[in-house]
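The structure appears below as structure tokens.
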Amino acid sequence: MFTTEFLDVPALRAVQGRVRLPGSKSISNRVLLLAALSEGATRVRGLLDSDDTRVMLQALAQMGCGVRRADGRADEVLIEGLGGRAPASPTRLFLGNAGTAMRPLTAALALLGGEHELSGVARMHERPIGDLVAALRRLGCRIEELGQPGFPPLRIAEAAGVPPLALDAPVRVRGDVSSQFLTALLLALPLAAREREVTVQVEGELISRPYIHITLALLERFGVAVQRQGWERFVIPEGSRYQSPGEVLVEADASSASYFIAAGALSAPEGGEGLVIEGLGLDAVQGDIRFVEAARLMGADVQGGSGWLRARRGAWPLKAVDLDCNHIPDAAMTLAMMALYADGPSTLRNIASWRVKETDRIAAMTAELRKLGAAVEEGADFIRITPPALAGGWRAASICTYDDHRMAMCASLAAFNPAALPVRVQDPKCVAKTFPDYFETLFAAARPARAVPVICIDGPTASGKGTLAAALAARLGWHYLDSGALYRATALAARQAGVALDDEAALARLAAALPLRFEAGRVWLDGRDVSEALRSEQTGMDASALAPLPAVRAALLNLQRGMARLPGLVADGRDMGTVVFADAPLKVFLTASAETRAERRYKQLAAKGISANIARLRDDLQARDARDASRAAAPLKAAQDALALDNSCLSIEQSVQQVLDWWQDRQPF
Ligand SMILES: Nc1ncnc2c1ncn2[C@@H]1O[C@H](COP(=O)(O)OP(=O)(O)O)[C@@H](O)[C@H]1O
Ligand SMILES: Nc1ccn([C@H]2C[C@H](O)[C@@H](COP(=O)(O)OP(=O)(O)O)O2)c(=O)n1
């Protein structure tokens, strides 16, 4: 996940290959509960790993279900169901802010019996549950509100067993406040339908029907076929009992898929196959799958089968639309981004609910799309978007995201603009709500419109290149290449293999096939952690000795260039700006006086408990600089267009800020 202040998304040309998206939250928690109530064990695959599913798993374990995570996989779990057994009692269940856990667990535990206390975070205690509690009380269940009437925390007080239930009349529940109350009853009432049919009657117009559709489809997977009469009456047949289907694959989240469908439709056609989205198909049970129809209306070429979708460019430019989006309010935001690439103004109607989501999404979208060069008109429940005039009308923009995950994901779609302008996304970490690795997933599939941006930091030893480069990479959310580590690793591998430091051909062979892995700040050579050995003065000297050999440098060249991946790279070394990334948009030549550098190295060694002599260190580093600077192949020198930075009198933060300022000066926003 990107936790940086902002993320600059370079202009993108295409998306290709395959992406796998996180599981749907609504389906994940429903499936977990159904598995817990069933006879037999259920393997749940493709599970969303998030706060809300974690609290559900924890609660099920406390209730006495078997909960076993698959080894090393956050998205797979094995649930051993209660299958008619009474739950463990008493329990105290903490359910965070997960409405998808609080509501159905309340209903299920009220029908399972026992003594249970259900609570959550403060915000959870402000989210209504009164209608559900009332419906369960009318049935005869014993539930107490422990705080405010109508809100959690709750206590189910059935230590003596479930009281006789009033099932002769239909169970009534309101449908116009939240469909989650109906879902909770539909998930729980099959527990009471072994010997008799149970009817649920909805009062008021039922909202969010696609979610009820998901509930019914999943009940069927677990062996309970509810008869639906319109959207008012639901009949659970006599003899119903939950039976594990053995294995359930949770569908990928359909709203998350909308960004990748859109990206496929915006992608330059040389992408060929387009983008394949795994884990979700045209037969998906989630309401937002109907985004596919809307995307097709705009000209997207979307194919699919069971468990997969493929999106690529169809009509181009996209076709402007005038659409009622009431059935896909979340995914409709993605249509607003696609409208930027249409052949005329598009209108998205019946989206009043946008105003009361994470932020006022109509106002937010209007403000941000205008920054990109679109003309936007907003109304109480619609938005009309006139795209920027061809390439010339687009503006590079810094997009505010309003702590709204969907605004951030949408913003990335502006990066396909024909003017090849980058897009700045403020506060990218807000995607954590549903898709923490959204940007990583996008970047893995995306092809940049231009060379991936690289910042080069070259300079003599101990000038602070590594420190500066790593800090810049962290601030920008970019990758970091410590090119010296490659020369050092070659030197280390040579010593281990007994290869002489002047055997150019053998060294080049070693360099070309270095079994090197960078992981979590450590460096592994052939499965061994060499982070310490790599930094030793001896290894540095050895690296400097083999670095002049042209065949070694050539062998390492492609490896280094391959590190330039989206969204950007900060590379430090000796020849980053002169040879390896000669076209880089920002090059810094970092220096400090020999005294300062010797002192820094001395302190660095002392911190590691290694004693050293400052005067000798200074002589050594000057000798190394001389050798690095005087060699024929890619000598240490400033690139012609490099900016010089002498940091003898600067703190690390001052150096970092200076380079960030230089970088910002080159940005269009
Ligand atoms: N601007 C600076 N001011 C003070 N100390 C610095 C500065 N930059 C780096 N250092 C320190 O100098 C030492 C050497 O830095 P390092 O990044 O390893 O250099 P290089 O990669 O150029 O060999 C480190 O201990 C680092 O903390
Ligand atoms: N791009 C590079 C990086 C390092 N080298 C060589 C020359 C250096 O003396 C050694 C070690 O580099 P490294 O950057 O790790 O060394 P310092 O941390 O600056 O002491 O490798 C090089 O020739 N080209």
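What you see is a predicted model; the values in this text were computed from it and never measured. Note that ligands are numbered from 1 as they come in the structure, with each ligand's atoms numbered from 1 the same way.
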| field | Shell of residues surrounding ligand 2, defined by a 4.0 angstrom heavy-atom cut-off that is strict | value | T461, A462, K465, S483, G484, Y487, R488, R535, A543, S544, A547, R553, G573, R574, D575, M576, R601, R624, D628, R631

| remark: Contact region, K465 to ligand 1, non-hydrogen atoms below 4.0 Å, reads both

| Does any donor atom in the side chain of T461 or R624 lie under 3.5 Å from an acceptor atom in the other side chain? | yes

| Check: Y341 ring centroid to W394 ring centroid under 6.0 Å | yes

| For atom 24 (C) of ligand 1, which protein heavy atom lies nearest, and how many Å away is it? | Q604 NE2, 3.4 Å

| request: Consider ligand 1: state whether an atom of it lies below 4.0 angstrom from any non-hydrogen atom of Q654. | output: no

| message | What I want to check is whether the side chains of D529 and S531 have a donor and an acceptor closer together than 3.5 Å. | response | yes

| What pairs with R310 under salt bridge (Lys or Arg N to Asp or Glu O under 4.0 Å), at least two apart in sequence or on another chain? | E273

| request: Distance to 0.1 Å, residue and atom name: give those for the protein heavy atom nearest to atom 23 (O) of ligand 1. | output: A462 N, 2.9 Å

| query | Does a donor on one side chain sit under 3.5 Å from an acceptor on the other, for Y402 and D360? | reply | no

| request: Identify, with sequence neighbours excluded, every residue that meets ring pair (Phe, Tyr, Trp, His ring centres under 6.0 Å) alongside F260. | output: Y438

| Any N/O pair T467/ligand 1 closer than 3.5 Å | yes

| With only distance considered, is G466 within less than 3.5 Å of ligand 1 through an N or O on each side? | yes

| request: Sorted by first residue and then second, give each salt bridge (Lys or Arg N to Asp or Glu O under 4.0 Å) pair with at least one member in residues 643-655; sequence neighbours left out. | output: R475-E653

